[in-house]
Amino acid sequence: MAIDTQPGHRLDKRPGGKRGPNPARRVVEDTGRVLQDNGALVALLVLVLVLSFWTSNFFTATNLLNVGVQAAVTAILAFGVTFAIVSGGIDLSVGSVAAFSGVMLGWFTTTQGMPVFVGVLLAILSGTACGLLNGILISYGKLPPFIATLAMLSAARGLAQVVSEGSPVVLPDSLSWIGKTIGEWLPVPVIVMIVMGLLAALVLNRTYSGRSMYAIGGNEEAAHLSGIRVRRQKLVIYTLVGAFAAVAGIVLASRLASAQPTAAEGYELDAIAAVVIGGASLAGGVGKASGTLIGALILAVLRNGLNLLDVSAFWQQVVIGVVIALAVLLDTLRRRA
Amino acid sequence: MTTPDPPPARELLRTEGIRKTFPGVVALDGVDFDLRAGEVHVLLGENGAGKSTLIKVLSGTYRPDEGRVLCDGRTVRIADAEAAEKLGIATIHQEFNLVPHLSVAENIFLGRQPRRLGLVDRRKMEADAKVLLDRVGITASPRTPVGKLGIAGRQMVEIAKALSLRTRILIMDEPTAVLTAEEVNRLFAIVRKLRAEGVGIVFITHHLEEIPAIGDRVTVLRDGRSVGQVPAGTRQEELVRLMVGRSIEQQYPRQAAPAQGAGAGSGAPLLRVTGLRRQGVFDNVSFEVRAGEVVGIAGLVGAGRTEVVRAVFGADRYDAGRVEVSGKRLPGGDVWASHSAGLGLVPEDRKGQGLLPDASVSENLGLVTLREASKGGLVDRAGQRRAASRIAERLGVRMAGLDQHVRTLSGGNQQKVVIGKWLLANSRVLILDEPTRGIDVGAKVEIYQLINELTASGHAVLMISSDLPEVLGMSDRVLVMSQGRIAGELTAREATQDAVMALAVGTSAPGTSEMEDSPRGH
């Protein structure tokens, strides 16, 4: 439509409308679209509603906070993984890196006898270093993210075993507050989750690195030719993922009051599931922190609800699998429509 | 729709009043079209006129909202690609549907491999493929991986695939856009052969001079409507008038700035390249581009034009030489440094290299200026949006809004977005690599006018183009490249098609015959 002799001809003023004169129908259509655009949120609300009516003890403050605590570690890991996925990559190492960071926390604070806040800082640095190494392998070693982080999945887990000599490290009492509650009701893990979520949203929406993630995931060559330093940004991206994994590892270890080298095994897959359920595309360029949070909450609510309903752990796995497939299936159908 | 003479051949296909809408856009608004056995029916129209949508309706990708499609006089519903295949309709899209790592034979028979005892009968498949390859006249072995063939070879594989399906209706979407002149001639020979065999061919092209060479009838689409059906011998001016709804007085409205341009005209050299060399790719490339000037780079495919400008821009490295922008030397291999120095590149592959197809217009426009728009680590997105809105308005980007995905814009408007992101970055030197490739006539003129405005305001433009009339019409000076070197420089006055071609072929280059730039269809 180069030289348009009739401007406005091609552009229907009301996108999406089927030019129906019936206002009631339009309201229905608009509502439908809002629901479709927020499929994951709707699914979460439906899930909460159903469980509230079905079981007497789901919709209680105690249980909901419990769900929050259960979601926290997955959500924090998933916020980090969102960075990788939005930029068109993946990070499989977050579970191992979380365990490694937790073990390092134990080692610094007990074996080395360091003050707690120094230990926490060094633990975060340990995870960040793993992420940085991932980033170096990916951006300068030109390894595919899948391979680089698969290697780290093994290596970080091994290092956790080496440092802890294969057995759990009991954390000092001064650390247990991270796993507990403030004012007798507000769990610290939930606060950390919210803070990390806001941080992830800020990074994605408002920082140069965050916008670069969308550009690199959308079209890496175009991003490069637009002056974005793709390699340096990839370094930043995977380093951030490592930092988020470390925070998750610290929360997890504090909750358990001990750092276990086998902790968070398989959590990387839960994290990826949360990101994908939240609407991100594995092809890159699409994804939101809020979506990831909803994805993590859906997983936690499901597990919690199935427990309350006395569904066996085995069947729970089946249900989770079905939910992941359904979420992506619905999303694909919506995009095609 | 009246036909000039009584139907000489059986009618294969007819569409009546096809209408198709997408959210916000009426893509087709009453298209009447018909195709007879043994004819080449050219479908002509600007990008966005509805050609692609129409062929997607015919190939089963889209279902029309209104109107009907008749095949052999019977109304048919083409629900999907399979239904189209059953009716004998095959489509060769601009982007080929081939698997690069699989062999030619496997690609031709993909999903329909001949089987024996449930296993793929490789020998029969390759023998059958050989027969088809002979028919389209390529010599490649059926075992060659498709990825090793050139563009023309891949196209022939697509045609062979269509033939293997007993196609009666072959739709070709801009098949010549990616071919050299010699390859175009070979393609035409095959198309004529198929026509003689009674195949009906729908042929889409932007090259008007190809129409009398290959076509029988022409249907012109404009704004989603069929606005006329004329014989292929119709004069070009008339075809252009039908396409754009008015005649385009001057196709290349270059207003040379140096003479008239206020201030900028004196022309300080903004870009200076000295002795640039990359082993085995280009050597001893030196030139400069002054403020207010358009310097064109002509040459054959493979002469190294794109490689040179990518190296100048810092997208690729070079071994020796220097690049200066406004007197400042660039480090080389660093796009960010080029951008900071005021150099911008509009790459040749718009979708693959220039755009984030699934991001919004506003995000694409803000891509280059992302860092400048950051304060204290945070990007001022509202400010970016305002800037994007300003530049989109200035460039006349036709869109539903700043949030529209650029994938859904027409080619010309996409190109404006790519140029716009550099204008937002205040780039004073713009390198345009094939800026109007795949863009319709009307949008081309808008791009030319934009180039004029830029040079008038003191920008410098370096333009690669394989469209010889374009490079001659728009450049103040023309550099001709041949085999990685600058074979010569011509002033606008000296630059004729013959002079450029003589340099491009070069006496030192015997055996070079593929000449993409030669005017086609003569």
Side-chain angles (χ1 to χ4, degrees), chain A residues 1-19 29 33 36 86-88 199 201-233 236 280-281 283-287 335-337, chain B residues 21 23-27 29 46-49 222-224 244-246 248 310 313 315 334-336 338-340 345 347 349 351-359 363-364 366-368 370-371 373-374 377-379 381 398-401 410 412-413 418 421 425 439-446:
Chain A
M1 52 162 144
I3 292 180
D4 212 331
T5 42
Q6 297 153 286
H9 160 74
R10 303 186 58 84
L11 296 176
D12 197 332
K13 282 283 178 283
R14 198 160 54 79
K18 286 204 169 75
R19 71 189 77 228
E29 276 176 9
R33 200 166 53 243
Q36 272 188 349
V86 164
S87 70
L199 196 61
L202 186 76
V203 167
L204 283 169
N205 288 322
R206 292 295 306 277
T207 65
Y208 176 76
S209 288
R211 301 319 296 167
S212 303
M213 292 173 197
Y214 287 97
I216 294 169
N219 184 345
E220 189 168 331
E221 179 68 5
H224 170 59
L225 290 180
S226 298
I228 288 174
R229 291 177 161 168
V230 173
R231 281 202 279 185
R232 192 177 300 180
Q233 286 310 316
V236 173
S281 157
V286 183
R335 272 167 224 260
R336 209 181 296 161
Chain B
T21 58
V25 181
V26 182
D29 192 8
E46 298 184 277
N47 282 0
R222 186 170 78 226
D223 295 338
V244 300
R246 62 174 178 79
I248 290 180
R310 278 182 62 99
F313 179 62
D334 187 344
V335 173
W336 169 254
S338 305
H339 152 218
S340 310
L345 171 74
D349 178 0
K351 280 180 202 147
Q353 303 175 324
L355 294 167
L356 313 176
D358 290 315
E363 279 176 77
N364 270 282
L367 199 53
V368 176
L370 209 49
R371 191 175 304 221
S374 311
L378 298 186
V379 178
R381 290 186 75 187
R398 268 177 290 275
M399 55 186 180
S410 73
N413 285 308
V418 182
K421 70 181 179 183
I439 290 181
D440 55 75
V441 183
K444 273 186 187 179
V445 175
E446 288 184 271

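Lettering of chains follows the sequences in order, A, B, ..., and the numbering in each one begins at 1. Worth knowing before you read on, the calculation uses all heavy atoms, side chains too, and leaves out hydrogens, waters and symmetry mates.
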Answer yes or no for Arg211(A) and Tyr214(A): cation-pi contact, defined as NZ/CZ to six-membered ring centre under 6.0 Å and angle to ring axis within 45°. yes
Given side chains that start at C-beta, do those of Arg381(B) and Arg206(A) come closer than 4.5 Å, heavy atoms only? yes
For Ala223(A), side-chain contact (heavy atoms from CB on, under 4.5 Å) partners two or more places apart: Ala215(A), Ile216(A), Ile228(A), Val230(A)
Pick from Gly218(A), Ser209(A), Ser226(A) with the largest number of heavy-atom pairs that fall under 4.5 Å of chain B: Ser226(A)
Is there side-chain contact between Val86(A) and Val286(A), with at least one heavy-atom pair below 4.5 Å? no
Taking every heavy-atom pair that is under 4.5 Å apart, which of Leu345(B), Asp334(B), Asp349(B), Asp358(B) has the most such pairs with chain A? Asp334(B)
Tell me, please, which residues at least two apart from Arg371(B) pass salt bridge (Lys or Arg N to Asp or Glu O under 4.0 Å). none
Given Gly352(B), Gly354(B), Ser338(B), the one with more heavy-atom pairs under 4.5 angstrom with chain A than any other is Gly352(B)
Highest number of heavy-atom pairs under 4.5 Å with chain A among Val379(B), Val368(B), Asn364(B) belongs to Val379(B)
Contacting moiety of Ala359(B), where chain A heavy atoms sit under 4.5 Å: neither
Bottom line for Leu355(B): the part with an atom under 4.5 Å from chain A's heavy atoms is backbone
If one checks every heavy atom of Arg229(A) against chain B at 4.5 Å, the contacting part turns out to be side chain
Test item: Asn219(A) and Lys351(B) side chains (from C-beta on) under 4.5 Å apart, heavy atoms: no
